[in-house]
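Note that the structure is a prediction, hence the values are computed from the model and not measured. Letters go in sequence order (proteins before strands), and every chain restarts at 1.
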There are 2 protein chains.
Amino acid sequence: MADRAPTLHDVASAAGASKTSVSRYFGDERERLSAALQERIATAAEQLGFSPNRMARGLKGGHSRLIGMLVADIRNPFSVAVMHGVEQACRQHGYSLMLCNTDNAPSQEREHLALLASYRVEGLVINPTGSHQPALDAQTIPTVLLDRRLDHARADVVGLDNRLAIEMALDHLAAQGYREVFYLSEPAAQVSSREQRLASFRHGLAPRGLRGEVHCQAPDCADESLQAALSAFIQRPAAAPKAVLCANGNMTLAATRAFHALAIRPGATGLMGIDELDWCGLVEPGITTLAQPTAAIGHSAVACLLKRLADPARAIDDIQHSPTLMARGSTAAGTPPQPPPAASSGR
Amino acid sequence: MADRAPTLHDVASAAGASKTSVSRYFGDERERLSAALQERIATAAEQLGFSPNRMARGLKGGHSRLIGMLVADIRNPFSVAVMHGVEQACRQHGYSLMLCNTDNAPSQEREHLALLASYRVEGLVINPTGSHQPALDAQTIPTVLLDRRLDHARADVVGLDNRLAIEMALDHLAAQGYREVFYLSEPAAQVSSREQRLASFRHGLAPRGLRGEVHCQAPDCADESLQAALSAFIQRPAAAPKAVLCANGNMTLAATRAFHALAIRPGATGLMGIDELDWCGLVEPGITTLAQPTAAIGHSAVACLLKRLADPARAIDDIQHSPTLMARGSTAAGTPPQPPPAASSGR
DNA sequence: AGTTAGGATGGGAACGTTACCATTGCCACT
DNA sequence: AGTGGCAATGGTAACGTTCCCATCCTAACT
């Protein structure tokens, strides 16, 4: 019969009702209709296979019921896990998620931002690419920043408690008897979470009697430079065991590959990373990680966004989640854990 | 100034032009406008920060410029990789992607389908959950099925050449000297790709002089049953080496975990899987896989969809991609590869 | 009985855009 | 000079909804 999708009007005439009534039925005023009318509309709609046109609805009411999400790297399991949480939370609150992947490219970030704006998304969850984006700063749509802070943008931030994470990592490494730590990160400039972790690392060394060394490099870089740096670190003579600490999942993967290429089994030389990955228990002897509560992060990002939608003027939130230590063989030094150099030994 | 987003009309009056001209400027008739007018509109739009409202555009023209994608399990790296390809391809063709994750739940599949329909997406890329969905069959929106065929739905299919994949796997295992193969799959009923792989497995054994055993189980199931089955298979006395073949990435992960729990190092007992994963090179001694060309699959899914959009009546496509063998240590039997029992030895 | 409150319903004007048709010039024909 | 055509622009009616207001009816008041 109808070649195109049936409209409100079609349903109305089929049910012998007015557009308004049908609109009410599908909106949130269904109770205002008499039982008889509800029945008629339900039947007619069912029969025609009607589903309200969200475009039209969004146009008239100004509510798109859409939330946009910008992910820097969709192939990063951490991002996917958070995204999963975000999507669930959105759905729970009656929003749909429009997802865009920027592949860490500022140009795509800009483009997608414009796109999402043109769909009049009501809110934005953004995991920004590193580089500074004026377009992001000028954001007029309520925004929650994921994992990465942006200096110039007035937006809520949800992510990991980076200082706590690094301290937990250093505590664990120190307790396991490691005394020198090689910190492996992607280039930290411009990316707040990396900067925070790096700074916390630097500050956290001395109080624990640790020595540290920092190595930053892009993960897509050739493996050789990482291998070389790692190998130099490991071969350098030292009195106590050494460990490698990876600032995120990408680097954990890179470091594990480097260990593998150098034919070094983690443990005697420690290996630890932030972000839990499927395979961390599988690579011998198991790789110690700090797992991020990805679902919680996703949910709280949406919760935060909705709060801002409800009250645009409220103070900016900065929600920091705590990681969970997954201790495995890669940080069992082999030498029995020694008490820290100076401190009390009783406890 | 303006509290809400500026409209076409705002730009028009700011530029001293008509709505039509501005519409033309932002549509695909920009060349029809004189240079002077283009200039004026560009300036005005820039200054107001105008971006056309896609909702309104979609409403009037009937073109949402939206493609919907339904993914059964967003935490499956294979799905994500394909999705990445789909998104790229969409963007290249001027479409945006609306992504929904069904978490393998038919109810969510139904729900999301309705949602996408209500946004009037022009096409659908679906990776169906297993169970039979009348809603999917009745699909009136042009649809491409990913990886999984649906009996009752008239839709194009894009995926792996499952028969070829299994044959490549069996060829490889046979060539490496394995003679008994334990086939590990998620429950195959209702899911065409699993059924195809399973059937190909069964048919491919005899010609190669192999013996086979099939084990199906849900991946979220407790590990013990898998471990028990695996252990029974491995301990059974046999004249020649045995191998485990995993039907997809999830099962490869499960099997690797089981090997790990049983403290068996793959190799003497072979281990191989369909789907390449980050860590397959990392787990000792490297896990042999068949990599799917995920980007190509994503791109061809969109290409296929666009062809159908252009010509709804054309014959149904069934595009099968070929996998790539990533041979690693987990299928190096240790015994030198013997020539197949009967066949010619000269080649 | 007359008035009024209020519940149920319908009519019509937006929302921001595009599609169609109309209008204006201007130039090149015969 | 008159006509036709084309290029450049503008006006207006949709698209499918929701929102505001009007209308009707029933029931409960004075």
Side-chain angles (χ1 to χ4, degrees), chain A residues 2-42 44-45 48-66 94 115 117-122, chain B residues 2-42 44-45 48-66 94 115 117-122:
Chain A
D3 210 19
R4 52 180 224 313
T7 76
L8 204 57
H9 187 256
D10 298 333
V11 177
S13 47
S18 73
K19 296 181 301 177
T20 309
S21 298
V22 181
S23 171
R24 284 206 243 267
Y25 180 82
F26 285 100
D28 43 4
E29 300 180 279
R30 187 175 297 189
E31 293 74 22
R32 291 182 42 180
L33 271 34
S34 68
L37 187 51
Q38 287 191 33
E39 175 67 25
R40 269 185 296 152
I41 294 178
L48 291 168
F50 169 75
S51 92
N53 184 328
R54 290 275 207 182
M55 295 281 164
R57 191 186 278 221
L59 178 57
K60 174 60 186 158
H63 301 297
S64 64
R65 280 339 206 139
L66 236 35
L115 189 82
S118 79
Y119 278 106
R120 300 295 186 267
V121 296
E122 296 181 37
Chain B
D3 210 18
R4 57 184 218 311
T7 76
L8 203 57
H9 186 257
D10 299 333
V11 177
S13 46
S18 74
K19 291 188 301 179
T20 307
S21 297
V22 181
S23 172
R24 284 205 245 269
Y25 180 84
F26 286 100
D28 42 7
E29 301 181 279
R30 187 174 299 190
E31 294 74 22
R32 290 182 44 179
L33 271 36
S34 70
L37 186 53
Q38 286 191 34
E39 175 67 24
R40 267 185 298 151
I41 294 178
L48 291 169
F50 169 74
S51 90
N53 184 328
R54 290 273 199 175
M55 295 281 162
R57 193 187 278 225
L59 179 56
K60 176 60 185 153
H63 302 296
S64 63
R65 267 12 200 82
L66 234 37
L115 189 81
S118 79
Y119 279 107
R120 301 295 186 264
V121 297
E122 297 180 38

To check you understand the geometry: which heavy-atom pair defines the closest contact between [X] and [Y], and what is its length?
X: B/Glu31; Y: B/Gln38; result: CA-NE2, 4.1 Å
X: B/Ala14; Y: B/Leu48; result: CB-CD1, 4.1 Å
X: A/Leu59; Y: B/Ala56; result: CD1-CB, 3.7 Å
X: B/Ser51; Y: A/Arg120; result: O-NH2, 3.0 Å
X: B/Leu66; Y: A/Tyr119; result: CD1-OH, 3.0 Å
X: A/Val22; Y: A/Ala12; result: CG2-CA, 3.7 Å

Under 4.0 Å from any atom of DNA chain D, heavy atoms only: list the residues of residues 13-34 of chain B that qualify, in numerical order. B/Gly16, B/Ala17, B/Ser18, B/Lys19, B/Thr20, B/Ser21, B/Arg24, B/Arg32, B/Leu33, B/Ser34

Which nucleotide of DNA chain C is the first, and which the last, in the 5' to 3' direction, to come under 4.0 Å of a heavy atom belonging to chain A?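 That gives a stretch of C/dA8 to C/dG16.
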
Taking only residues two or more places apart in sequence or in another chain, which ones pass side chain to side chain donor-acceptor pair (under 3.5 Å) with A/Ser18? A/Ser21

If each of B/Ala56 and B/Ala35 is mapped to the nucleotide of DNA chain D with the nearest heavy atom, which maps nearer the 5' terminus, i.e. the 5' end? B/Ala35

Answer whether the closest heavy-atom distance between the side chains of [X] and [Y] falls below 4.5 Å.
X: A/Val11; Y: A/Tyr25; value: no
X: B/Arg54; Y: A/Leu115; value: yes
X: B/Arg24; Y: B/Leu37; value: no

Between the main-chain N or O of A/Ala15 and the side-chain N or O of A/Arg40, is there a donor-acceptor pair closer than 3.5 Å? yes

Boundaries of the chain B footprint along DNA chain D (any atom under 4.0 Å from a heavy atom): D/dA8 to D/dG16

So what is the end-to-end bend of the helix from C/dA1-D/dT30 to C/dT30-D/dA1, with 5 pairs used at each end and the value given to 10 degrees?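 Answer for the end axes of this duplex: 50°.
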
Who passes salt bridge (charged side-chain N to carboxylate O under 4.0 Å, His left out) against B/Arg32, sequence neighbours left out? B/Glu29

